[in-house]
Amino acid sequence: MERRNFLASALGAGTLATISTPARAATRRGAGASDGSADRRYMVDLLAKMASPILAPMAQGRLQATWQPELSQTWDGRNPKVGYLEAFGRLISGIAPWLALPDDASPEGRLRATLRQQALASYAHSVDPGSPDYLLWRSEGQPLVDSAYFTNALIRAPKQLWEPLDTATKRRVIAEIKGLRRVSPPYTNWLLFAAMNEAFLLSIGEEWDPMRIDLAVRKINEWYAGDGWYADGPRFHFDHYGSYVIHPMLVEILEVLVATGARFNNLRAQELLDQAYRRMQRYGEHLERLVGPDGGYAPIGRSLTYRTAVFQPLGLLAWRKRLPKSLPTGQVRAATLAAQRAIFNNPSNFDKNGYLTIGFAGHQPSLGDIYSNAGSMYIVSESLIALGLSPADDYWTVPALHWTAKKAFAGEKFPKDYYVDY
């Protein structure tokens, strides 16, 4: 009840209802019919619903004392405290673009100011060995994964999340990130986690290891399967790890190389970045076509419980203003909002205390993988990246358009689809 009152005061009277009544009604109608301002209110409400239960207690050093993350039914026995770094790192990465927007006096702006201050305090607790919310940095291999989301947020919002940190916290962050070089990543998408950390260090002028970036970029490109899809290692896996990790992290690592002018091993960063964007745009076309007329999408492969994180590349393309002509903004917004509503229409996506549960479209604990815990679920915040565009951006002001599957099953004209060679 306390959290609900906070949201009501921060977002304005009646706004909370957009998560429940209109969202469910939109789902029943087939979704996507609402205007951009209503879509944004829905997304901000969803962001607040995810972020507040993590950031409010962690800002006070109380998260680990108040929350014990749900574990998968097939949990592999690793230290369950990995869940706290997963929850904070993944959450902060997804909401960083929104936190980077300027302050204003609107209800959304007041909420952003509150969550940003909580995020900064949480960063301080996360690396302070004397804090009850000091995260699990120095045991297990899993922290390498979630440290990359932790640092990715600092790359996405440096002026709002990195620069305001006090000197001691900055020093501790750098030490913990460098300490994770002890983890030897397997030849999978994990190579990008090590590379993201080095890209962060490069971005702040710290000593960095170019070989970790070089290896990741070269291997990921070797594993390109074609038509916008990457294999996750030597063999192709039909799953959504291109969305969860590969496309976004490859692009953002290369962006740091280009921005800093870093040169090594004849790696042509600008050419590779242009190529990575073209491939992500093609992959984005597939993602948009995966959204059915009712907002449902294919539950394929590992980590189904990451829910709408599947659409991270579309959000990143929108935020970077790199959506291809084949994906008009009103069409992308309508498709991704329809998917959000289809998933989050079920209230059991959150437990009685407001924390995300293990599941796909509700609480479905049998879907958890051996590494799944409730903290892992916060990667779904990556589906909120488009909130980094201001309310006045055309992404939020243009009319909603029917997306491809909605057109197709309504008998409307829609574009053919052909593979690409890049």
Side-chain angles (χ1 to χ4, degrees), residues 89 92-94 96-102 119-120 123 127 144-167 169-181 183 185 189-222 224 230 245-281 312-313 315-322 382 385 388:
I92 201 69
S93 174
W98 179 75
L99 293 176
L101 288 174
L120 290 169
Y123 264 112
V127 293
L144 176 62
V145 175
D146 301 292
S147 66
Y149 293 98
F150 180 101
T151 57
N152 180 229
L154 299 174
I155 291 173
R156 287 176 172 178
K159 293 186 180 300
Q160 295 77 18
L161 295 180
W162 174 250
E163 293 180 11
L165 295 176
D166 62 86
T167 301
T169 297
K170 288 180 178 178
R171 184 176 64 250
R172 288 166 174 165
V173 168
I174 291 167
E176 298 294 0
I177 296 306
K178 289 183 177 179
L180 284 165
R181 290 170 177 166
V183 181
N189 67 88
W190 277 49
L191 293 173
L192 288 166
F193 303 137
M196 179 63 75
N197 284 343
E198 300 302 326
F200 162 68
L201 293 170
L202 169 62
S203 76
I204 61 170
E206 273 291 319
E207 176 270 331
W208 61 293
D209 181 355
M211 290 305 297
R212 290 174 184 265
I213 292 180
D214 186 65
L215 176 62
V217 171
R218 291 179 187 278
K219 278 298 178 186
I220 294 300
N221 279 305
E222 284 178 14
Y224 183 62
Y230 292 94
V245 181
I246 298 172
H247 278 285
M249 288 203 175
L250 178 61
V251 159
E252 291 182 85
I253 289 164
L254 289 168
E255 285 179 333
V256 172
L257 295 183
V258 171
T260 59
R263 296 180 179 276
F264 56 93
N265 285 7
N266 297 317
L267 193 151
R268 296 180 175 86
Q270 186 62 64
E271 291 179 18
L272 290 169
L273 177 60
D274 293 342
Q275 178 188 72
Y277 261 120
R278 288 196 302 273
R279 291 173 175 178
M280 185 161 67
Q281 288 168 337
Q312 179 181 189
L316 184 60
L317 287 167
W319 185 41
R320 290 287 198 259
K321 293 295 182 180
R322 298 292 291 262
E382 298 289 4
I385 294 176

Exam field: side chain [X] to backbone [Y], donor-acceptor pair closer than 3.5 Å:
X: Asn221; Y: Val217; value: yes
X: Glu206; Y: Leu201; value: no
X: Lys219; Y: Asn189; value: no
X: Arg322; Y: Gln281; value: no
X: Glu198; Y: Trp208; value: no

Measure the [atom1]-[atom2] distance between [X] and [Y] for me, rounded to the nearest 0.5 Å.
X: Asn152; Y: Met196; atom1: CG; atom2: CE; result: 4.0 Å
X: His247; Y: Gln312; atom1: NE2; atom2: CD; result: 11.0 Å
X: Leu161; Y: Tyr123; atom1: CG; atom2: OH; result: 5.5 Å
X: Thr151; Y: Ile92; atom1: OG1; atom2: CD1; result: 12.5 Å
X: Glu252; Y: Leu316; atom1: CD; atom2: CG; result: 5.0 Å
X: Ile253; Y: Ser203; atom1: CD1; atom2: OG; result: 11.5 Å

Taking all non-hydrogen atoms of both residues, which atom of [X] and which atom of [Y] are closest, and how far apart?
X: Lys170; Y: Leu165; result: CE-O, 3.3 Å
X: Leu191; Y: Pro185; result: CD2-CG, 3.9 Å
X: Leu101; Y: Gly388; result: CD2-O, 3.1 Å
X: Ala194; Y: Arg212; result: CB-NH1, 4.2 Å
X: Ala216; Y: Ala195; result: CB-CB, 3.7 Å
X: Ala100; Y: Gln160; result: O-NE2, 3.2 Å

May I ask you to test the [X]-[Y] pair for a side-chain heavy-atom distance under 4.5 Å?
X: Phe193; Y: Leu180; value: no
X: Tyr149; Y: Met249; value: yes
X: Gln275; Y: Leu272; value: yes
X: Ile213; Y: Phe264; value: yes
X: Ile246; Y: Ile220; value: yes
X: Leu273; Y: Leu257; value: no
X: Val145; Y: Val245; value: no
X: Asn197; Y: Phe150; value: no

Could you walk me through whether Arg279 and Leu250 pass the side chain to side chain contact (heavy atoms under 4.5 Å, CB included) test, one step at a time? CA-CA 11 Å; Arg279 291 173 175 178; Leu250 178 61; over 6 Å; no
Take atom CZ of Arg218 as the centre, draw a 6.0 Å sphere, and report whether it contains more than 12 heavy atoms from other residues, nucleotides or ligands. yes
Less than 4.0 Å between a side-chain N and a carboxylate O, is that true for Glu207 and Arg181? yes
Side chain to side chain contact (heavy atoms under 4.5 Å, CB included) evaluation trace for Arg171 with Val127: CA-CA 9 Å; Arg171 184 176 64 250; Val127 293; over 6 Å; no
Show your working on side chain to side chain contact (heavy atoms under 4.5 Å, CB included) between Val173 and Trp162 and close with a plain yes or no. CA-CA 10 Å; Val173 168; Trp162 174 250; 3.9 Å; yes
Determine whether Ile204 and Leu154 satisfy the following criterion, side chain to side chain contact (heavy atoms under 4.5 Å, CB included), listing intermediate values before the conclusion. CA-CA 10 Å; Ile204 61 170; Leu154 299 174; over 6 Å; no
